[in-house]
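We use all heavy atoms of the structure for the numbers below, so side chains are in, but hydrogens, waters and symmetry mates are not. These numbers come from a predicted model, not from an experiment. Each chain gets a letter, A, B and so on, in the order the sequences are listed, and its residues count up from 1.
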2 protein chains.
Amino acid sequence: MSNLKIGALAKQTGTNAPTIRYYEEIGLLRSAGRQAGNQRVYSDADVKSLTLIRRCREFGFSIDQVRSLVALVQDPASSCLHARDLAQEHLVAVRAKLAELKALERSIAAFVASCDASCAGGPGPDCVILDDLSKGRTQTRNTSGGRCSKTNGCS
Amino acid sequence: MSNLKIGALAKQTGTNAPTIRYYEEIGLLRSAGRQAGNQRVYSDADVKSLTLIRRCREFGFSIDQVRSLVALVQDPASSCLHARDLAQEHLVAVRAKLAELKALERSIAAFVASCDASCAGGPGPDCVILDDLSKGRTQTRNTSGGRCSKTNGCS
DNA sequence: CTACATCCTCAAGTAACTTGAGGTTCAAGC
DNA sequence: GCTTGAACCTCAAGTTACTTGAGGATGTAG
C-alpha cells in the first residue's frame, strides 16, 4: 500500500493530476483518502483501477462504458456471466477497431514507401496519398467484421 | 462526378450531415457548391476527401493534424518529401496505437476465456479482469490524443 | 397538389477534459 | 526556526469536436 500522492499516481498511470481529480468528481475513481494537510493519498489498488480506466479510455470506450465495467469489477453482487458478456461486447468493438487501424497503417505505410521510391524531393500534390487513403470504406460502421477485398482499398 | 446531396455523401462516408456542414464551416472540407434551391452538391472528390478525413479522425488524429494532411495533399506547392515526413509521423503514432490495442484485445479475450472456463454463473467480482487489464502499461503515451464521441466509432 | 422526407441556418447543448487564478502545504536547505 | 520553491488544494471558465433542436424552405412520390 505505497501511499502515493496525486503526482506520483499521475506519473505511474500516465494520467495528469487534474484528470484524476475529475475522475474522482464524476465518481469514476473512488474518493481518495486525505492526509493531515488535506492532500489526497492513493494505494496500489488505485493504481490498478486508474490504469484500467486509462487503457479503456484510450481506446475509445466512453466514460459510461468504463464506469459500468469498473462497477461490475467492484460490485460483489454482480454475476461473472454478466461481466463476461460486457467484456465480450468490448472485445468485438476492439477487434473492429483493430481491423480498421491495420488498414490505416497499411495505407500510410504504402504511401511513405511510394514516396521514398518515386517522388523524392519532387513536387508532391499528385502523390497517391488521397487515392491510397480514401478508397472505399468497409460499408457500415463496422462493428461486425468488416471485410477486406483487393478492390476496396483495404489491402 | 455523381452530384450527391448531403444525405448521400453522409451515407457513403459514414458521417452525419451536421458533421459535414461543421467540417465545411471550419474549413476542413471545401465549401460545397449549391443547387438552385440552395442545397449543397458534392462530387466524387468530396467523397474521397471526406473518407480520408473520417479515417484519420476515427483514429485519434486531431482536426488540426488532419487539416495539415489535407492541406499538403491539396496544395500544389508542397513538396512530396514534406508530405512523406508528415505521413511517417502519423505512421509511428498509428503503430504505437496498434500495439496498445493488441494488448487490450489480448487482455479482454483472456478474461472472456477464463470466464467461460471457470466462473460460469458464479459470483464474479474476483474475476481476474482487473488484474489482467491493469498490468503495467507499455510506456507509449498517447501521441495522438484520441478522444471519444458518439460518432467516432467508440462504441 | 399535397404530404412527407430532406434540406437550410442559427443557437444552444454535451462530453471529457484542460487551463488559470488564488491560495495552502510540504520538503529541503540555510 | 525560517524561507523558498515545488506540489497540492478548490473553483470557475475555456476548449475541442461534435450533437441536438427550433423554425422554416425545398424536392419528390403518389
Side-chain angles (χ1 to χ4, degrees), chain A residues 2-29 31-42 46 50 52-70 141, chain B residues 2-29 31-43 46 49-50 52-70 141-155:
Chain A
S2 37
N3 265 32
L4 305 159
K5 289 203 282 185
I6 201 168
L9 178 62
K11 220 168 237 174
Q12 275 199 39
T13 58
T15 315
N16 49 29
T19 302
I20 295 175
R21 291 190 203 102
Y22 169 72
Y23 285 165
E24 179 180 325
E25 191 191 326
I26 64 172
L28 196 51
L29 201 59
S31 271
R34 301 294 179 117
Q35 284 185 332
N38 198 33
Q39 303 198 348
R40 290 171 177 84
V41 209
Y42 296 96
D46 295 311
L50 184 54
L52 169 64
I53 292 167
R54 286 312 298 172
R55 271 259 171 88
C56 292
R57 286 294 302 129
E58 265 169 39
F59 291 103
F61 297 106
S62 73
I63 292 281
D64 269 0
Q65 288 174 313
V66 178
R67 197 197 307 276
S68 71
L69 203 106
V70 169
R141 318 229 66 204
Chain B
S2 38
N3 264 30
L4 305 158
K5 289 204 283 183
I6 201 169
L9 178 62
K11 221 167 234 172
Q12 275 199 39
T13 58
T15 315
N16 49 29
T19 302
I20 295 175
R21 291 190 202 104
Y22 170 71
Y23 284 164
E24 179 180 324
E25 190 191 325
I26 64 171
L28 196 51
L29 202 59
S31 272
R34 302 294 180 118
Q35 283 185 332
N38 197 32
Q39 304 198 348
R40 289 172 179 84
V41 209
Y42 297 96
S43 71
D46 295 311
S49 185
L50 185 53
L52 169 64
I53 292 166
R54 286 312 298 171
R55 273 257 171 89
C56 292
R57 286 294 303 129
E58 266 169 39
F59 292 103
F61 296 106
S62 72
I63 292 281
D64 269 0
Q65 287 175 311
V66 178
R67 197 196 307 276
S68 71
L69 203 106
V70 169
R141 170 89 243 272
N142 198 11
T143 12
S144 54
R147 280 224 196 147
C148 184
S149 70
K150 256 161 222 158
T151 43
N152 68 2
C154 278
S155 55

What does the list of N/O pairs under 3.5 Å between the protein and nucleotides 23-30 of chain D look like, with a distance for each?
from	atom 1	to	atom 2	distance (Å)
dG27(D)	OP1	G37(B)	N	3.0

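- Contact annotation: the side chain of T19(B) approaches that of R54(B) to within less than 4.5 Å [non-hydrogen atoms, C-beta and beyond].
- When each of N3(A), L9(A), I6(A) is paired with V41(A), the side-chain contact (heavy atoms from CB on, under 4.5 Å) condition holds for N3(A) and for no other.
- Atoms CG and CZ, on N16(B) and R21(B) in that order, are 9.5 Å from each other to the nearest 0.5 Å.
- When distances are taken from the side chain of I6(B) to each of dT19(C), dC9(D), dC7(C), the shortest belongs to dC7(C).
- Taking CG of L29(B) as the reference point, atom CD1 of I53(B) lies at 5.0 Å (rounded to 0.5 Å).
- Listed pair T19(B) / dA17(D) fails the phosphate criterion, with no side-chain N or O lying under 4.0 Å from OP1 or OP2.
- Of the residues in residues 20-29 of chain A, those placing a heavy atom less than 4.0 Å from an atom of DNA chain C are Y22(A), Y23(A), in numerical order.
- If you take CD1 of I53(A) and C1' of dA16(C), they are 14 Å apart, rounded to a whole angstrom.
- Atom C1' of nucleotide dC17(C) and atom CG of D64(A) are separated by 15 Å, given to the nearest angstrom.
- A 4.5 Å side-chain heavy-atom check between R34(B) and Q39(B) finds every atom pair outside the cut-off.
- Residues Y23(B) and R57(B) have side chains in contact (heavy-atom distance under 4.5 Å, counting atoms from C-beta outward).
- Atom CG of L4(B) and atom CG of D46(B) lie 8.5 Å apart (nearest 0.5 Å).
- Listed pair R40(B) / dT9(C) meets the phosphate criterion, a side-chain N or O lying under 4.0 Å from OP1 or OP2.
- dC8(C) atom P lies 11 Å from atom CG of L9(B), rounded to whole Å.
- One finds no side-chain N or O of R67(B) lying less than 4.0 angstrom from the OP1 or OP2 phosphate oxygen of dA17(D).
- Spacing between atom CG of N3(A) and atom P of dA27(C) amounts to 12 Å, rounded to whole angstrom units.
- For the pair L50(B)/Y42(B), no side-chain contact is recorded, criterion being any heavy-atom separation below 4.5 Å from C-beta on.
- The heavy-atom pair separating A10(A) from A17(A) by the smallest distance is CB-N, 4.1 Å.
- Contact annotation: R34(A) side-chain N/O to dT10(D) OP1/OP2 distance is under 4.0 Å.
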